[in-house]
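Notes to accompany the following structure.
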Amino acid sequence: MAKSLKANSIRTATRKWCWLFLGPVVIAFIIGFVWPFIQGIWLSLCQFRIVSNAEFVGFDNYGKVFSDPQFVYSFWYTALTAVVSLVIINVLAFTVAYLLTQKIKGANLYRTVFFMPNLIGGIVLGYIWSMIFDGFLSAFQTSILTDTVWGFWGLIIVMCWQQIGYMMIIYIAGLNAVPGDMIEAAKIDGATKMQTLFKVTIPNVMPSFTICMFLSLTNGFKLFDQNLALTGGAPISGSPSIAHTQMLALTIYNTFYGQASNARGTAQAMAVIFFILVAGMGLAQLAYTRKREVQQ
Amino acid sequence: MSTKLSRRAFLGGAGLLSLSLAACGGNSGSESSDSGESSGSESTASGRVYWLNFKPEIDETLQSLAKTYSDSKGVSVKVFTAASGEYESTLTSEMDKPEPPTLFVIGNQAAVKSWGDFAIDLTGTKIAEEGSTDDFNLYDDQGRMVSQGYCYECFGIIANPDLVTKAGGDLDTIQGFDALKTLAEDIHSRASELGFDAFAPADMDDGNNWIYSGHLANIDYFYEAKADPDAWKECPPTITGDYLPNYKNLFDLVTNNAPVPPSELASGGHDPQTQFEDGKVAFMLQGSWTYDSVAAKIPEATMIPYYCGVDGEDKAGLNSGTENCWAVNSQVSEEDQNATIDFMVWLVTDPDASKELVAQLGSMPFINAQKGDNGFLNDAETLNAADCYTMDWDFNFQPNVNDYRAALVSALNTYDKDQNDANWEGVRTAFVQGWADQYQKANG
């Protein structure tokens, strides 16, 4: 009886005071996310130069988005970059994590070293790597700015270099959580190392795969600063000109600062479409990989 | 294992991340500044002045002038300098604030289209009456004077006469492309013997490629405009590229007679001005804003026109114009507008203030402003006095300027990598067709 009374009074107090604790977070969430998001959608239906003088124009901006060849090109280019980087980052990150959870001397040092690139800002990374690439490519009288193929792989290398360490940490956490008795049982049952890896370890690490793949997919789609610093979209050619290494986020940015009177509204419409794409693809990928997780 | 909980929490976080992403599209970009801001003493006069400055190099002077004006007149003056290359995004962001800039820069026709509606018509104002020429003022379609040039500059080929003499040449005899080419190629072929080369070409990286995509490109625009002035009263929808071969003449001469092979220009890092000032090269393409630095090392340095093989170019002058044009915000109160105009008038009439500004800007086109001692601007005057034609800054018409130039630079990089006809066609496409495409995009 006394126990239930105590529980009741706690519930009442919680109900009474919860907004005191939730309030600041909710307000920050509304100011930082909900309101800009709603305003973003509203602006995608407007023509404006500055936000406070927006004029409603309906769905005109959305029509312009799909007739812009750069947007369509950038979409496919971004999708390709995101998928290729997703595969490479996750394969390498898992491999490194797997190796570093074996009994290797200096494993902690390696973990730190692999994680460190993640601490460097994207713009800095982009410029440093552009110098490295150009230093190497100058021997072949070319530059990362003049070669679409190098531009693509350059970006993939930079993304991998930056993100593998981060994903590695998540995989290490997952690998450490695989119950030792399962591995031992597999060993006793006569499973080879490869069988243990693919039949026991990986299924148990699927939650980490879910997270890492979601992160690398969305990171790939949203990539901006490395793209800006490394190639800035170059090479650019053709008529109408297409920036061959320009990803979606950079396309939106460049469109926003264009000269046309509706440039900003069009860029805003692109941003809304971009959000739907990224959210849709991210959630689809989550649903797919979650099905493959096993319950321990 | 707590993966379920963390994943759910993670999903929530991911949702937030995505939400913020779409919302981010409306952000106005960087507000970074190379300087802080200075407010004057407590305002006693009515109105306020807020100058969103375009030139980081004059920030220090402006901060000190703002303080002097505030102290003496009691008007609040704030100067905020946008970081280099960030003016458009800074302006977008500042204009949305409760106290937006009262004074900002509309420096070319593209900006007139974008920001003209935010500027008052300066015609007949006190500051317009102070102007000594209409050459640098910008007008919109309705003939409103939306901005007024507050300084002007010139650019061309800066030469080191001593080195030219050492190479057996004579600058006075160079009055056309052929003579320049002969001399430059001769110097380049004997570079190791002479100890210096002909040209220090600007790099193609973001901070320097405007030399080719803006200034040098002016060769074609200017001569097209000269041949058909009516078509160039405002931004033409298409250009012919008739003078592109002349652009190529000078581009090839500069990039092929230099210590650095053209293929290495894309990645940057060569610092042509230092090469020139150190006497490593006889020529470079630059403008009057480098005068102080150049003259400190090479006092006799002089500027000659862009000789490019056009008929009658012995009468060519320097490229003179400006992208520094004042616009007064139409969205602020009349009090603020008047306070701003009073401040502008003070800047160009007060002997001390205009002296300080002229020392930084080279020359100001106002009746009562102090005169400058910029040697390159004096070269421009000398050429004008000798009946040479001034090459106007028609590159100010470039439509969707960032995208247009980015495509041109990319095509030039490809050409630099392998200088063949097919790659030059790529340059032509970016130059001529790119203009039409970007015009369409900007106005369609």
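Throughout, protein chains are lettered first and strands after them, A, B, ... in sequence-line order, and every chain is numbered starting at 1. What's counted below: heavy atoms across the whole structure, side chains too, no hydrogens, waters or symmetry copies.
- Counting heavy-atom pairs closer than 4.5 Å to chain B, the top residue among A/Arg49, A/Met131, A/Met270 is A/Arg49.
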Where do A/Tyr257 and B/Asp403 land on the side-chain contact (heavy atoms from CB on, under 4.5 Å) test, with the steps shown first?
CA-CA 10 Å; A/Tyr257 289 111; B/Asp403 287 354; over 6 Å; no
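- Heavy-atom neighbours of chain B within the stretch residues 133-141 of chain A, taken at a separation under 4.5 angstrom, comprise A/Asp134, A/Gln141.
- For B/Glu425, no part sits under 4.5 Å from any heavy atom of chain A, backbone or side chain.
- Heavy atoms of B/Ala430 lying under 4.5 Å from chain A are absent altogether.
- Within 6.0 Å of the OH atom in A/Tyr288, the count of heavy atoms belonging to other residues, nucleotides or ligands does not exceed 12.
- Residue contact with chain B, scored on non-hydrogen atoms closer than 4.5 Å, involves the side chain of A/Asn53 exclusively.
- Interatomic distance, OH of B/Tyr439 versus CD of A/Gln259, reported as 9.5 Å (0.5 Å rounding).
- The number of heavy-atom neighbours closer than 6.0 Å to OH of B/Tyr139, taken from other residues, nucleotides and ligands shown, is above 12.
- If you take OG1 on A/Thr266 and NZ on B/Lys441, they are separated by 10.0 Å, rounding to the nearest 0.5 Å.
- In this structure a side-chain-to-backbone donor-acceptor pair under 3.5 Å is missing from B/Asp437 to A/Ser239.
- Contact annotation: the side chain of A/Ser143 never approaches that of B/Lys417 to less than 4.5 Å [non-hydrogen atoms, C-beta and beyond].
- Note: B/Ser114 leads B/Ala111, B/Ser267, B/Ser263, B/Ser114 in heavy-atom pairs under 4.5 Å with chain A.
- Atom CG of B/Asn420 sits in a crowded spot, with more than 12 heavy atoms from other residues, nucleotides or ligands closer than 6.0 Å.
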Apply side-chain contact (heavy atoms from CB on, under 4.5 Å) to residues A/Ser241 and B/Gln438 and explain how you reach the verdict.
CA-CA 9 Å; A/Ser241 63; B/Gln438 294 302 341; 3.8 Å; yes
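- The environment of A/Trp129 atom CH2 is dense: over 12 non-hydrogen atoms of other residues, nucleotides or ligands sit within 6.0 angstrom.
- If you take CG on B/Asn402 and CG on A/Asn254, they are separated by 7.5 Å, rounding to the nearest 0.5 Å.
- Interface residues of residues 62-73 of chain A toward chain B, defined by a heavy-atom distance below 4.5 Å: none.
- Looking only at atom types and distance, the side chain of B/Asp96 has a donor-acceptor partner in the side chain of A/Ser52 under 3.5 Å away.
- In this structure, the portion of B/Phe118 lying under 4.5 Å from any heavy atom of chain A is its side chain and not its backbone.
- Taking A/Ile273, A/Leu145, A/Ile144, A/Thr255 one by one and counting their heavy-atom pairs under 4.5 Å with chain B, the maximum is reached by A/Leu145.
- The distance from the OG atom of A/Ser261 to the CG atom of B/Asp117 is 9.5 Å, given to the nearest 0.5 Å.
- Of all heavy-atom pairs between A/Ala234 and B/Ser410, the closest is CB-OG, 4.2 Å.
- With a 4.5 Å cut-off on side-chain heavy atoms, A/Thr146 and B/Tyr415 do not count as touching.
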